[in-house]
Amino acid sequence: MVSDRAACASRRCASPTPFAREADMLLPLVEGYKRYAGPGDLVALYEVQTTRGVVDLVFVEFDFDVTSSRLLYEIDSITDFSLAQVVHVLSSTSKNNPEGLTTGELAAAVGLSRDHIRRAVLRSESARHWVAEVCGRWVMAREYRSPIKKIVAVEAKRSDWRRAISQAASHVEFADITYVAMDASRLPKNENWRGPLIHAGLGLVAVSALEAVDDRRSLSVRKVLKPRRSRPKGPSRLVVAERIVDLVQNGSKSGPVAPVFGEVLTSSWGDDPRLTPDFQ
């Protein structure tokens with residue numbers, strides 16, 4: 001990746017030009033992820049379903065011991081949030097309550113009706129891999145180990161930093177670190193954004209595009225604000241990690257790209273990494 005300074009020094013580019021769409025920001029964010037997401041070889045995935053919407057981009061570090069074991073024994077991922085809540089509760093209480101919980105106790109713990117928990121959750125196909133009924137009480141059928149060691153979430157917005165913060169704030173429930181990524185040419189002149197970002201625990205990444213005379217673009221990614229690091233362990237982390245693994249095991253690197261006014265807004269220049277061939 002060529003830096004802004006090097007590109008301009010070579011007289012091949014003009015001033016930074018605004019991105020036409022959020023999708024244009026994805027490729028530079030992926031190519032430059034080590035500048036803000038931290039060390040390690042992370043895998044990029046897109047449009048991942050969370051408990052409160054969809055996250056534009058995530059970088060993940062898999063625990064391959066866990067994923068390999070699951071493939072070997074054909075263990076289903078926990079993509080249903082209600083089941084994720086049940087597994088989280090049973091795993092959290094197993095040390096102090098090894099005899100398990102009744103259906104009513106589980107229902108009260110996750111805030112769902114007893115009938116729904118029994119019929120739709122505990123009797124589901126995926127649940128049989130994770131929970132078992134012993135003498136009328138529910139226990140873990142096997143120890144739960146997360147298939148993912150690290151999640152970095154990125155919410156990309158060209159200019160609406162308030163909306164970006166509103167959407168990204170929920171990502172801290174499952175991500176170790178969370179960023180808002182904005183078009184560098186549209187960053188606010190004042191720093192009104194800094195306080196809300198810090199309060200929400202979010203970092204900020206600026207993405208710039210420099211248009212060259214041969215219609216190629218030099219890209220730059222810059223970390224503007226460092227995010228707060230956390231180690232979320234609740235059911236939101238559990239189910240997002242499981243949905244990521246399910247996505248990859250199905251050979252995909254992106255969830256469905258939602259249309260805007262009936263049209264899929266892909267990248268206006270260059271490749272859209274969401275739509276390039278999936279994992280083989």
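The chain is numbered in sequence order, starting from 1.
Residues in residues 189-199 take part in these side-chain hydrogen bond (donor to acceptor under 3.5 Å, both in side chains) pairs, two or more places apart or across chains: Asn190-Asn192, Glu191-Arg194.
The pair Glu47-Lys253 does not meet the salt-bridge criterion, since no charged nitrogen lies less than 4.0 angstrom from a carboxylate oxygen. Between Asp176 and Arg231 a salt bridge is recorded (basic side-chain N to carboxylate O distance below 4.0 Å). Salt bridge absent: Arg237 and Glu242 never bring a charged side-chain N and a carboxylate O closer than 4.0 Å. A salt bridge links Asp41 with Lys34; the closest basic N to acidic carboxylate O contact falls under 4.0 Å.
Here Arg163 pairs with nothing under the side-chain hydrogen bond (donor to acceptor under 3.5 Å, both in side chains) rule; sequence neighbours left out. Looking at residues two or more places apart in sequence or on another chain, you find a side-chain hydrogen bond (donor to acceptor under 3.5 Å, both in side chains) between Arg52 and Glu173. Asp63 is linked by a side chain to side chain contact (heavy atoms under 4.5 Å, CB included) to Asp65, Val66, Arg145, Lys149, counting only residues two or more places apart in sequence or in another chain.
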N/O donor to acceptor pairs below 3.5 angstrom from side-chain atoms of residues 150-157, sequence neighbours left out:
{"from": "Lys150", "atom 1": "NZ", "to": "Ala37", "atom 2": "O", "distance (Å)": "3.0"}
{"from": "Glu155", "atom 1": "OE1", "to": "His171", "atom 2": "NE2", "distance (Å)": "2.8"}
{"from": "Lys157", "atom 1": "NZ", "to": "Gln167", "atom 2": "OE1", "distance (Å)": "2.7"}

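Other residues sharing the hydrophobic cluster of Val134, ordered by chain and number and joined by side-chain separations under 4.5 Å: Val139.
In this structure, Tyr33 and Phe59 have parallel ring planes: the angle between them is below the 30° cut-off, well short of the 60° mark.
With respect to Phe174, the side-chain contact (heavy atoms from CB on, under 4.5 Å) criterion is satisfied by exactly one of Thr51, Val240, Ile148: Val240.
Around atom CZ of Arg229, no more than 12 heavy atoms belonging to other residues, nucleotides or ligands sit under 6.0 Å away.
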